[in-house]
Structure formats: structure tokens, C-alpha cells
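The chains referred to below are lettered A, B, ... by the order of the sequence lines, with proteins before strands, and numbering in each begins at 1.
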There are 2 protein chains.
Amino acid sequence: MEIPSPPSGVRFIDDYLVYLLARAAHQVSSEFHEQLRRRGISVAVWRVLSALLGSEGETVTGLAETCLLQQPTMTKLLDRMTRSGLVARSPDQRDRRVVRIALTGTGRALAEDLAVAAKAHEAELLARHPPAEAEAIKNLLRAILARHDRPRRG
Amino acid sequence: MEIPSPPSGVRFIDDYLVYLLARAAHQVSSEFHEQLRRRGISVAVWRVLSALLGSEGETVTGLAETCLLQQPTMTKLLDRMTRSGLVARSPDQRDRRVVRIALTGTGRALAEDLAVAAKAHEAELLARHPPAEAEAIKNLLRAILARHDRPRRG
DNA sequence: GCAATTTATATGAAATTGCACTTATGGCTG
DNA sequence: CAGCCATAAGTGCAATTTCATATAAATTGC
């Protein structure tokens, strides 16, 4: 038998933009994250690997911002990824405060491998929508990002 | 001076749906989450409070699913929220495995208070978009959710 | 009606994250 | 150039989350 659902008539969150976005992000990524889990790769590690694809030489702070993590969290994550041979740190020439992060050979191979799977998954996702809608999704998201980007340096 | 950006030409993630969604969710919520932080309320607590607004009597597992958390995480979160007097557990009549969660008076007051702030923030967010776009956003998100909802019981 | 299976919640140890702070540079101003 | 503020990264400890598993209750199939 089924546990009778609570009177889930008008939940606040069902019409709350921030929740809809969070839920959509979660749902859409869950299938791929499941693939990662099966391979023993954490979401955080995947984020760093993918952030470095096409843009190596990122700084620790830059990676943290890209991966939506705090800087100390990124420092510790990079410690682990360095230990497991996926990335390497190197000092910046011009500014000795800065540490540049690069993929190792192993790291790049894994990143590219996962990226293929990620793109395949994305194609599947988009295929579930009518073409016009699929088209609209990324554009709308970019519009949101553009309008709500916090003031950035540069 | 500016640290010269790395050759951030074509990052993989900048055209990756899952990332765009995650980033949009993060950016859009960050301002409100900052308000929460100033009030000493964690995002997780806010999620539970808002999940219960309009739908009390949720189960632990149901709340975990709604709040995008794992069940053991929710159990412990509810432990803390119970201790701080925001929610109360009560046994389900029909199924003694089930625990129903309800807001306390304090919890409801806080939830409603925060919900007002959240809705105000949402209005601000939407005001930054042209009306047609603002209109489209939630609809599109609901379309995504509808199409990618994992098979659910019921 | 009972053993086997499934479902709901809780628990405990280990890993991760968050927060406040330190250290090391770099940039700026007088 | 000295002093001061800003920025980059790392550290330490407390809090939280995760993973695997335990416990309890309900359901299923004989």
C-alpha cells in the first residue's frame, strides 16, 4: 500500500523560482552523477576536471568560483586531486601569490573521457524536449546568467 | 593590476547544460542565501521550512527528496531543527515506521517571515528580465522538471 | 501465519565543507 | 621607500554530509 500523501496542495516552493531552478539542476544532473558514482568519481572532482577542459592554468580562486565552491574547499579538493595525480600546481611567473592548476596526462584523459559521456547525456536530455524548447533552454539560462552575474573584476 | 586570465576561450562547461543550470541556480539564489547567512539560518534549514509551508505532515524521506538531500542527512538536520524548536516529529497512525514532520509555532513564524523575504527577492529577480522572458522562465523550468522527473511512486 | 522482501528511519565512523584566520605577495600613496 | 590596504592561497577546528549499515515495521508469497 501507499503512504497517503500529505495535503500537498499548494506548497510554497512549487511556485518559487529559486527552488524550481535548484530542482531542475538537481534532476537534470542526477543521471550523470549516478554514472560518476558508479565510476567512483565525486561530483566535485568532475567539476574541476570539466572546468579545466578548454581553460587550463586557472587559479585556485578562479576554479572555486567556476565550480561554485569556496576557496578553502577548492584548496583541499586540489590537495586530494594532486595526490591522486589528476592535476598539478605550478607557481605563476608574474605573481608569486598565484598558483596555476593544470591537468596531468591522467587527468586530461579522464576529463576528456567523462566529457564525452557528459555530452552524450546532454544530448539525451535535450532529445526529450521538442526542438524549439531545447533551443530555448540554454538561451534562457544564459540570459539568466547574464542578468544576475554578480559584479566581477575585469 | 589584473591577473591575466587564462586563455578562457572555449571552456567545455560554458556550453554544457548541466553546468548552466547549476550556475544559474547558484547565482540566482546567492543573494537570498546571503540574507539567510546574515540571519544565521542555513540554507538547509530554510529549505525544510519552506518545504513545509503549504504541506505539513511530510515524511522524513519525502522531505529529503523535496529538499534534494539524502535521507540520513535529513534525519540529522531534523534532529537539530527539533532541538532548536522549529519542527516536531510525530508518529504516523497508520504506519508506525513513518514519522511526520510539522512546523512548531516558532517554526511557522520563521518560515512565513522568510517566505515573505524570499518572494520579495524573487520579484526583484524577475523584474530584471523583460516581462515575456520572466514569464517564460518558470514555464520552461516546469517543462524541464516534468520531462526529467525520475519515475516516482504513486 | 510465517519467512523473505521491501520500506522508513536512525546511527556511526570517515570524509568533506564552512568559517575565521594566517601567511605571503602585490599595489598604492604620501 | 615605508606603511597600509587588497588579494591569493593555505590551515585548523568545528559542523555537516556521506556511505554503509542497523533496526523496526509493513507487505508479499507461499
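Between B/Ser29 and A/Val18, the shortest heavy-atom distance links the atoms CB-CG1, 3.5 Å.
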Side-chain polar contacts of residues 116-128 of chain A - donor-acceptor pairs under 3.5 angstrom, sequence neighbours left out - could you list them?
{"unit_1": "A/Lys119", "atom_1": "NZ", "unit_2": "A/Glu122", "atom_2": "OE1", "d": "2.9"}
{"unit_1": "A/Lys119", "atom_1": "NZ", "unit_2": "B/Asp15", "atom_2": "O", "d": "3.0"}
{"unit_1": "A/His121", "atom_1": "NE2", "unit_2": "A/Glu31", "atom_2": "OE1", "d": "3.0"}
{"unit_1": "A/Glu122", "atom_1": "OE2", "unit_2": "A/Lys138", "atom_2": "NZ", "d": "3.3"}
{"unit_1": "A/Glu122", "atom_1": "OE2", "unit_2": "B/Leu17", "atom_2": "N", "d": "2.5"}
{"unit_1": "A/Arg128", "atom_1": "NH1", "unit_2": "B/His148", "atom_2": "ND1", "d": "2.8"}
{"unit_1": "A/Arg128", "atom_1": "NH2", "unit_2": "A/Glu31", "atom_2": "OE1", "d": "3.2"}
{"unit_1": "A/Arg128", "atom_1": "NH2", "unit_2": "A/Glu31", "atom_2": "OE2", "d": "3.2"}

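From A/Tyr16, atom OH reaches atom CG of B/Leu53 across 11.5 Å, with rounding to the nearest 0.5 Å.
Applying the side-chain contact (heavy atoms from CB on, under 4.5 Å) rule to A/Ala44 yields the partners A/Ser42, A/Leu77; only residues at least two apart in sequence or on another chain are considered. Annotation: salt bridge (Lys or Arg N to Asp or Glu O under 4.0 Å) contacts of B/Arg83 (sequence neighbours excluded): none.
At C/dA8, none of the side-chain N or O atoms of B/Thr59 fall inside 4.0 Å of OP1 or OP2 (strictly under the cut-off).
Following rounding to the nearest Å, A/Arg96 (CZ) and C/dA24 (P) show an atom-to-atom distance of 12 Å. Between B/His33 atom NE2 and C/dG18 atom P there is a gap of 13 Å when expressed in whole angstrom units. For B/Arg100 and C/dA10, the CZ to C1' distance is 18 Å, given to the nearest whole Å. Taking atom CG of B/Asp95 as the reference point, atom P of D/dT23 lies 20 Å away to the nearest angstrom. Atoms CG (A/Asp92) and C1' (D/dT7) sit 13 Å apart, rounded to a whole Å. In this structure, the CD atom of B/Glu65 is 13 Å from the P atom of C/dT9, given to the nearest Å. Straight-line distance from the CZ atom of A/Arg94 to the P atom of C/dG26: 13 Å, rounded to whole Å. Rounded to a whole Å, the CG atom of A/Leu63 is 15 Å from the C1' atom of D/dG10.
Judged as a salt bridge (Lys or Arg N to Asp or Glu O under 4.0 Å), the pairs with a partner in residues 39-53 of chain B (not counting sequence neighbours) are, in order, B/Arg39-B/Asp113.
Residue order along DNA chain D, read from the 5' end via each residue's closest nucleotide, puts A/Arg89 first among A/Arg89 and A/Arg37.
Relative to the axis of its first five pairs, the axis of the last five pairs of the helix from C/dG1-D/dC30 to C/dG30-D/dC1 sits at 30°, rounded to 10 degrees.
Using a 4.0 Å cut-off between charged side-chain N and carboxylate O, B/Arg94 and B/Asp92 make no salt bridge.
A heavy atom lying under 4.0 Å from DNA chain C marks the following residues of residues 67-80 of chain B, by number: B/Gln71, B/Pro72, B/Thr75, B/Lys76.
For the residue pair A/Glu34 / A/Ser30, no side-chain donor-acceptor distance below 3.5 Å is found, with atom types taken as modelled.
Not a single donor-acceptor pair, N or O on each side, falls under 3.5 Å between the base of C/dT9 and the side chain of B/Arg97.
Between A/Leu103 and A/Leu86 there is no side-chain heavy-atom pair separated by less than 4.5 Å.
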